[in-house]
Student: 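The structure's right below; bear with me while I get my questions together.
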Amino acid sequence: MLPRAPAALGLLLLLLLLLLPPPPPGEATKKPTPCKRCRELVDKFNQGMVDTAKKNFGGGNTAWEEKTLSKYEFSEVRLLEIVEGLCGSSDFECNQLVEEHEEHLEAWWLQLKKKYPDLFEWFCVKTLKVCCSPGTYGPDCLACQGGSERPCSGNGLCSGDGSRQGDGTCQCHLGYQGPLCTDCTAGYFSALRNATHSVCTACDESCKTCTGPTSRDCSQCEAGWAREDGACVDVDECAAETPPCGDTQYCENVSGSFVCEECDPTCVGCTGKGPGHCKECVPGYAKESGQCTDVDECAHAGGICPRRNENCYNTPGSFVCVCPEGFEEAEDACVQTRPAGDEATEENPAPPPSREDL
């Protein structure tokens, strides 16, 4: 027997459980509804019929078997094969549903299939009464808003459609609104509307409201656009007298708006992307062929390092002065510290310092 946990450990585990975040809202509603479970079962049954469509009894004399034992197509053997493949071994709810209603499935297969070819309609809607026919909803399977033939005018989803749930109200598709989803929302215009159909089409991106598909059909311009010569045109915010971006950014105009992008690190102010659009260069860089490039301070005539014998190494935007290997820093020179003959010579200069040393 496993040793019992100390009381303090048990209390700690309890506290951890209490501190765990609660399950997300709606977690409990993720459990399949009776209608969904029934529909899934019917879908698997129909797939089983497809999978066994070209099989037979499997004996050596198929013609004799079909004549003597009845056709495999309508046989209990085929039904058993289909039923055995409906549920996984660990799918408790599916196996329970099959066990509870196996007699119904057998009766449909052997006696009612020709009269009621739609297994879903017969099994889930008429017999178990856990679903409704398409276009109907709720406990009494009432017709959805707009009628069961074309719920919500074909422009939305009926709440509870095909189930014993919901209230039948319309959840309209993008661009549609109203109780029956026949009206157009802002940004859409009515391209077709008659007694049976309503079609809403998106306005041009420049329009807030419109009567047609082009920028000239705008009733009202969208933000970031302005009317000019009878059409809504994009406003170039970057051309404003007061720049909309910061000193270290440049402005880029986009349809109906603008974005501020960071200047290249070599720039002091810029008009666009990269070192070729700098207004001025940061210290250590200078304009060359139209863009800011690194200045090689080590190439300065007469040298730039203050101590005698000191080596200069160029770095991006700057430089470093380092005594050669075998020398150490003194007040105004690099003084040799190792024996004569081992010192670094101008023909054999010391290697540059590593990036870590810099």
Student: I'd like to know if the side chain of T337 and the backbone of G326 have a donor-acceptor N/O pair within less than 3.5 Å.
Tutor: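 Answer holds: yes.
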Student: Tell me, please, which residues at least two apart from T127 pass side chain to side chain donor-acceptor pair (under 3.5 Å).
Tutor: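 None.
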Student: Holding to salt bridge (charged side-chain N to carboxylate O under 4.0 Å, His left out), I want the full list of residues that pass it with R193, two or more places apart in sequence or in another chain.
Tutor: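 So R193 forms a salt bridge (charged side-chain N to carboxylate O under 4.0 Å, His left out) with D183.
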Student: Below 4.5 Å, heavy atoms only, C-beta onward: do C184 and Q177 meet side chain to side chain?
Tutor: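 When only atoms from C-beta onward are counted, Q177 and C184 do not touch, as no gap falls below 4.5 Å.
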Student: Rest of the hydrophobic cluster containing L142 (Ile/Leu/Val/Met/Phe/Trp/Tyr, side-chain heavy atoms under 4.5 Å)?
Tutor: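 Result for L142 is Y137.
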Student: Between atom SG of C200 and atom CG of L174, what is the distance when rounded to the nearest 0.5 Å?
Tutor: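 One finds 10.0 Å between SG of C200 and CG of L174.
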Student: Do Q47 and D51 meet the criterion of a side-chain donor-acceptor pair at a distance under 3.5 Å?
Tutor: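 Yes - a donor-acceptor pair under 3.5 Å links their side chains.
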Student: Calculate, to the nearest 0.5 Å, the distance between atoms CD and SG belonging to E325 and C334 respectively.
Tutor: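 Output value for this atom pair is 13.0 Å.
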Student: Provide the full list of side-chain hydrogen bond (donor to acceptor under 3.5 Å, both in side chains) pairs with a residue in residues 227-243, sequence neighbours left out, each pair given once.
Tutor: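 Counting only pairs at least two positions apart or across chains, the side-chain hydrogen bond (donor to acceptor under 3.5 Å, both in side chains) contacts touching residues 227-243 are D234-N253.
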Student: Just list the side-chain donor-acceptor pairs under 3.5 Å for residues 256-276, sequence neighbours left out, or say none.
Tutor:
unit_1 : atom_1 : unit_2 : atom_2 : d
E262   : OE2    : Q249   : NE2    : 3.0
D264   : OD2    : T266   : N      : 3.1
D264   : OD2    : T266   : OG1    : 2.7
T271   : OG1    : H277   : O      : 3.4

Student: Are more than 12 heavy atoms from other residues, nucleotides or ligands located less than 6.0 Å from atom CG of D296?
Tutor: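 Yes, the 6.0 Å shell around CG holds more than 12 heavy atoms from other groups.
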Student: Show your working on disulfide (SG to SG under 2.5 Å) between C218 and C232 and close with a plain yes or no.
Tutor: CA-CA 7 Å; C218 300; C232 288; 3.7 Å; no
Student: Strictly distance-based, threshold 3.5 Å: is any side-chain N or O of R39 a donor or acceptor partner for the main-chain N or O of P34?
Tutor: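 Between the backbone of P34 and the side chain of R39 there is no qualifying donor-acceptor contact (under 3.5 Å).
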Student: Can you list the other members of the hydrophobic cluster that holds F189, where links are side-chain heavy atoms under 4.5 angstrom apart?
Tutor: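 Result for F189 is none, singleton.
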Student: Would you say the SG of C321 sits under 2.5 Å from the SG of C305?
Tutor: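 Yes, C321 links to C305 through a disulfide.
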Student: Listing request: all side-chain hydrogen bond (donor to acceptor under 3.5 Å, both in side chains) pairs with a residue in residues 83-98, at least two apart in sequence or in separate chains.
Tutor: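 For residues 83-98, and leaving out neighbouring residues, there are no side-chain hydrogen bond (donor to acceptor under 3.5 Å, both in side chains) pairs at all.
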Student: Taking the two cysteines C132 and C35, do their sulfur (SG) atoms come closer than 2.5 angstrom to each other?
Tutor: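 No; the two sulfurs sit 2.5 Å or more apart.
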Student: Centre of F120's six-membered ring, under 6.0 Å away, within 45 degrees of the axis: is that where NZ or CZ of K126 sits?
Tutor: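 Checked: cation-pi criterion not met.
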Student: What residues form a ring-ring contact (aromatic ring centres under 6.0 Å, His included) with H173, not counting sequence neighbours?
Tutor: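 Not a single residue meets the ring-ring contact (aromatic ring centres under 6.0 Å, His included) criterion with H173.
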Student: With no hydrogens and no angle check, is any side-chain donor or acceptor of S318 less than 3.5 Å from a backbone partner on T315?
Tutor: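 Side chain of S318 to backbone of T315, a donor-acceptor pair under 3.5 Å: no, none is there.
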Student: Nearest 0.5 Å please: distance from the CH2 atom of W122 over to the CG atom of L112.
Tutor: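 The CH2 atom of W122 sits 5.5 Å away from the CG atom of L112.
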Student: Could you tell me whether Q171 atom CD has more than 12 heavy atoms of other residues or ligands within 6.0 Å of it?
Tutor: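 More than 12 within 6.0 Å, yes.
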Student: Tell me whether R150 contacts the main-chain N or O of T196 through its side chain, where contact means a donor paired with an acceptor under 3.5 Å.
Tutor: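 Side chain of R150 to backbone of T196, a donor-acceptor pair under 3.5 Å: yes, one is there.
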Student: Report, one line per pair, each donor and acceptor closer than 3.5 Å where one atom sits in a side chain of residues 279-288; sequence neighbours left out.
Tutor:
unit_1 : atom_1 : unit_2 : atom_2 : d
K287   : NZ     : C278   : O      : 3.1

Student: Tell me every residue that passes side chain to side chain donor-acceptor pair (under 3.5 Å) with S206, counting only those two or more places apart in sequence or in another chain.
Tutor: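 Partners of S206 by the side chain to side chain donor-acceptor pair (under 3.5 Å) criterion, ordered by chain and then number, come out as D204.
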Student: How long is the straight-line distance from CD of E81 back to OG1 of T52, given to the nearest 0.5 Å?
Tutor: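 One gets 6.5 Å once the value is rounded to the nearest 0.5 Å.
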Student: With no hydrogens and no angle check, is any side-chain donor or acceptor of D217 less than 3.5 Å from a backbone partner on T214?
Tutor: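 Such a contact is found between D217 side chain and T214 backbone.
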Student: What distance separates E328 CD from C323 SG, expressed to the nearest 0.5 Å?
Tutor: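 So the CD of E328 and the SG of C323 are separated by 8.5 Å.
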Student: Please output the side-chain donor-acceptor pairs of residues 161-169 that fall under 3.5 Å, not counting sequence neighbours, one pair per line with the distance.
Tutor:
unit_1 : atom_1 : unit_2 : atom_2 : d
D161   : OD1    : G135   : N      : 2.7
S163   : OG     : G160   : O      : 2.9
S163   : OG     : Q165   : N      : 3.1
R164   : NE     : K129   : O      : 3.3
R164   : NE     : C131   : O      : 2.9
R164   : NH1    : P139   : O      : 3.0
R164   : NH2    : V125   : O      : 3.2
R164   : NH2    : C131   : O      : 3.2
D167   : OD1    : S159   : OG     : 3.3
D167   : OD1    : T169   : N      : 3.1
D167   : OD1    : T169   : OG1    : 2.8

Student: Other residues, nucleotides and ligands only: do more than 12 of their heavy atoms fall within 6.0 Å of CD on E100?
Tutor: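 Enclosed: over 12 neighbouring heavy atoms sit under 6.0 Å from CD of E100.
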Student: So if I apply the disulfide bond (SG atoms under 2.5 Å apart) rule between C170 and each of C181, C152, C158, which one comes out positive?
Tutor: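 So the option named by the test is C152.
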Student: Report, as yes or no, whether the 6.0 Å neighbourhood of atom CD on E149 holds more than 12 heavy atoms from other residues, nucleotides or ligands.
Tutor: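 No - once you tally the heavy atoms of other residues, nucleotides and ligands closer than 6.0 Å, there are 12 at most.
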Student: Are more than 12 heavy atoms from other residues, nucleotides or ligands located less than 6.0 Å from atom NZ of K208?
Tutor: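 For K208, atom NZ is not crowded (no more than 12 foreign heavy atoms under 6.0 Å).
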Student: Does E310 have any side chain to side chain donor-acceptor pair (under 3.5 Å) partners at least two apart in sequence or in another chain, and if so, which?
Tutor: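 Expected list: R307.
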